Each structure stands twice: as C-alpha cells, then as structure tokens.
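The sequence lines fix the lettering, A, B, ..., with proteins before strands; numbering per chain opens at 1. Keep in mind that what you see is a predicted model, and the values were worked out from it rather than measured. All heavy atoms count here, side chains included; hydrogens, waters and symmetry mates do not.
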There are 2 protein chains.
Amino acid sequence: MNDLPTAPTSRRKRKAEARCCPPSEVAPVVPRDRAEADARLAALAKALGHPARVAIVRLLARRETCVCGEIVDELPLAQSTVSQHLAQLKRAGLIRGEVDGPRVCYCLDEGAVALLKALVEGL
Amino acid sequence: MNDLPTAPTSRRKRKAEARCCPPSEVAPVVPRDRAEADARLAALAKALGHPARVAIVRLLARRETCVCGEIVDELPLAQSTVSQHLAQLKRAGLIRGEVDGPRVCYCLDEGAVALLKALVEGL
DNA sequence: CCGAGTTATCGTATTTCGCCGATGAACGAT
DNA sequence: ATCGTTCATCGGCGAAATACGATAACTCGG
C-alpha cells in the first residue's frame, strides 16, 4: 500500500509547454454562398451551444500554451464527457488536437475563431 | 395539374410595413461572472445553432421587419416548424414578436445581437 | 355572429444530445 | 515485456431537439 519510493517530483513535469499547434494564421474565408454561410455559422454556433464547451474555448484562449487534458480538472464533468465535448469542438473545427506522447495537446484554431467572429459580426 | 386561372399572387396585400419594434437601444451588458457569461453565450449560440434559425436572423436583419408568413415562404419548412424556430429564438431573446392584427411581426432584438457580438468578440 | 386568414400549440415519431462508468488503445518509463 | 498514465470509444440511459400534420386560438371584415 504505502510503497511510494521517493517519487521524483519531476514526474508531473511536461516539456510540451513550448508549442503544440503552429500558428495557422488563415484568413477567415467567409463562404460566398448564402446557404453555406448559414450552415457554417450554425455549425460553429452549435459547437458553442453548451456552457462546458464555452468554458473549454475560454480556457484555451486564456492560456497561451495549449493545455492538454488538464481541462478535465477544471470542469465538474467526467473525463469521458469532457472528451466528447472536445471531440465536438474538434469536429466543428474550432480546436485542434496534437498527440504529444501519451497526452493530447489541444489548442484553439485561430482561423475558425476568426471565421466565427466574422460571421457573427456580419449578422 | 394546372388550375387556378386566377392569379395566385394576390394572396398577400399587407400594409403593416411600418415597423413593429421600437429601437430598443440597450447597452450590451456583458455579465461579469465567468460562469454566467458562459451560460449566456452558450444560450445565444445554441439559438443560432441551426441553419434555419440563422437564415431567419439574417432575413430579419436584412429587412427592417418581417412577418411569420413571409419567413415561412422563404424556408423549405412547414409553418409549424418555422413557428417553433421562432419561439426558440424568442426564448433566447434574439428576436421579439409584436402582435399586429391577425399577424405577428417579428424583428431582431438589437441589444441581444450586440451582446452576442460582444461575447463572441471577447473570446 | 361567422367565415377567412394567420400564428401558436398539441401529439407523435425519429434523431441527437449530455452524462456516466467501463473498457480499449497508445505511449513512456521501469 | 510489463506497468501506469492518458485519452478515446463503447454501451446505455433519460432528456431534449427536430420535423410534420392536425387542430386550436386569435383578429379582422362582412
């Protein structure tokens, strides 16, 4: 039971603080087609249509560095639930995930966020 | 089959073009509380999370004012379905409806739209 | 008052969402 | 090779969303 042999404190250290997702500075390509623009905005809005997902996006936006599954620690939800929220955000293109060893590093897709802002602004 | 020799175009002769909704210039009060802001943005985004509702909002933004019947004509959906989408938008505060005789005049709530834009911009 | 026209609501079927615990897959370290 | 950590996926459940037709409610003109 109590075996912990002087656990090295560097256990929790991760060096992936540097970067996970390249800039990806893509211009917000607003679709010309009306119906397509509606569908795009609807998909992005739907992805944000849950407080937990808004919180995730805010969390990723606040930290410069992309956090991994520490998101689970910040939300009062089970790990599997958070994972599904992340999958939904990823499906909508709002975030991207990069495998970094055993973890996955998530970060905002700035292009998608810019597109969302442009579409909302154009209402 | 072909029928209706008389013009089917004379079915609409409204004159309630005036306007229905007063300005409603409300400042976009962004909630200070983090969780509340998340919930507010999520609710607004959820209301926009369907192409038909985006189309409705765009339609109302383009025209000064609209009536439910015209919206039904623009969308490939049944009247009851459109009415439910309108109810959802109204519940989220994005639009307002004012009874004008036998019809209902819907219009955007500029305050809510401004709040949405502010919340999205603040991502 | 009674039709005609317009919108809201009801009832219902199908699909999707949101949540969880449990299990599986991938990786680093031992 | 095995273990521990991390994350995704599966199965299941209840709730909500989406769609439609049918029907009620409401207002105006005759």
* To do: Can you pull out how bent the helix from C:dC1-D:dG30 to C:dT30-D:dA1 is, comparing the axes over its first five and last five pairs, to 10°?
  => 20°
* Tell me, do B:Glu98 and B:Tyr106 make a side-chain contact under 4.5 Å, heavy atoms counted? -> no
* Asked: Heavy atoms, side chains only, cut-off 4.5 Å: are A:Ile71 and A:Leu86 in contact?
  -> yes
* Structure fact -> Within residues 76-85 of chain A, those residues having any heavy atom closer than 4.0 Å to DNA chain C are A:Leu77, A:Ala78, A:Ser80, A:Thr81, A:Gln84, A:His85
* Which residues, if any, of residues 43-54 of chain A bring a heavy atom under 4.0 Å of DNA chain C? -> A:Lys46, A:His50, A:Arg53
Rounded distance in Å - [atom1] ([X]) to [atom2] ([N]):
X	N	atom1	atom2	value
B:Glu70	C:dT6	CD	C1'	12 Å
A:Ile95	D:dC7	CD1	P	13 Å
A:Leu89	C:dG18	CG	P	11 Å
A:Leu86	C:dC17	CG	P	16 Å
A:Gln88	D:dA17	CD	P	14 Å
A:Glu98	D:dC7	CD	P	14 Å

For [X], side-chain contact (heavy atoms from CB on, under 4.5 Å) partners two or more places apart:
X	value
B:Ala43	none
A:Ala35	A:Asp33
A:Val120	A:Leu41, A:Leu116, B:Leu116, B:Lys117, B:Val120
A:Ala92	A:Ala47

* Which residues share a salt bridge (charged side-chain N to carboxylate O under 4.0 Å, His left out) with B:Arg63, sequence neighbours left out -> B:Glu70, B:Glu74
Detail all sub-3.5 Å separations between protein N/O atoms and N/O atoms belonging to nucleotides 26-30 of chain D.
none

* Report the distance from atom CZ of B:Arg96 to atom CG of B:Leu89, rounding to the nearest 0.5 Å. => 13.5 Å
* To do: Would you give the length of the straight line joining atom CD1 of B:Ile95 to atom CD1 of B:Ile56, rounded to the nearest 0.5 angstrom?
  => 7.0 Å
* Is it true that a side-chain atom of B:Asp100 and a backbone atom of B:Arg103 form a donor plus acceptor pair closer than 3.5 Å? -> no
* Ignoring backbone atoms, establish whether A:Tyr106 has a side-chain N or O less than 4.0 Å from OP1 or OP2 of D:dT6. => no
* Among pairs that include at least one residue of residues 54-79 of chain B, which meet ring-ring contact (aromatic ring centres under 6.0 Å, His included), considering only residues two or more places apart or in two chains? -> none
* Asked: side chain to side chain donor-acceptor pair (under 3.5 Å): which pairs involve residues 41-62 of chain B, sequence neighbours left out?
  -> A:Asp38-B:Arg58, B:Arg53-B:His85, B:Arg53-B:Gln88
* Structure fact -> Taking every heavy atom of A:Ala55 against every heavy atom of A:Leu75, the minimum-distance pair comes out as CB-CD2, 4.0 Å
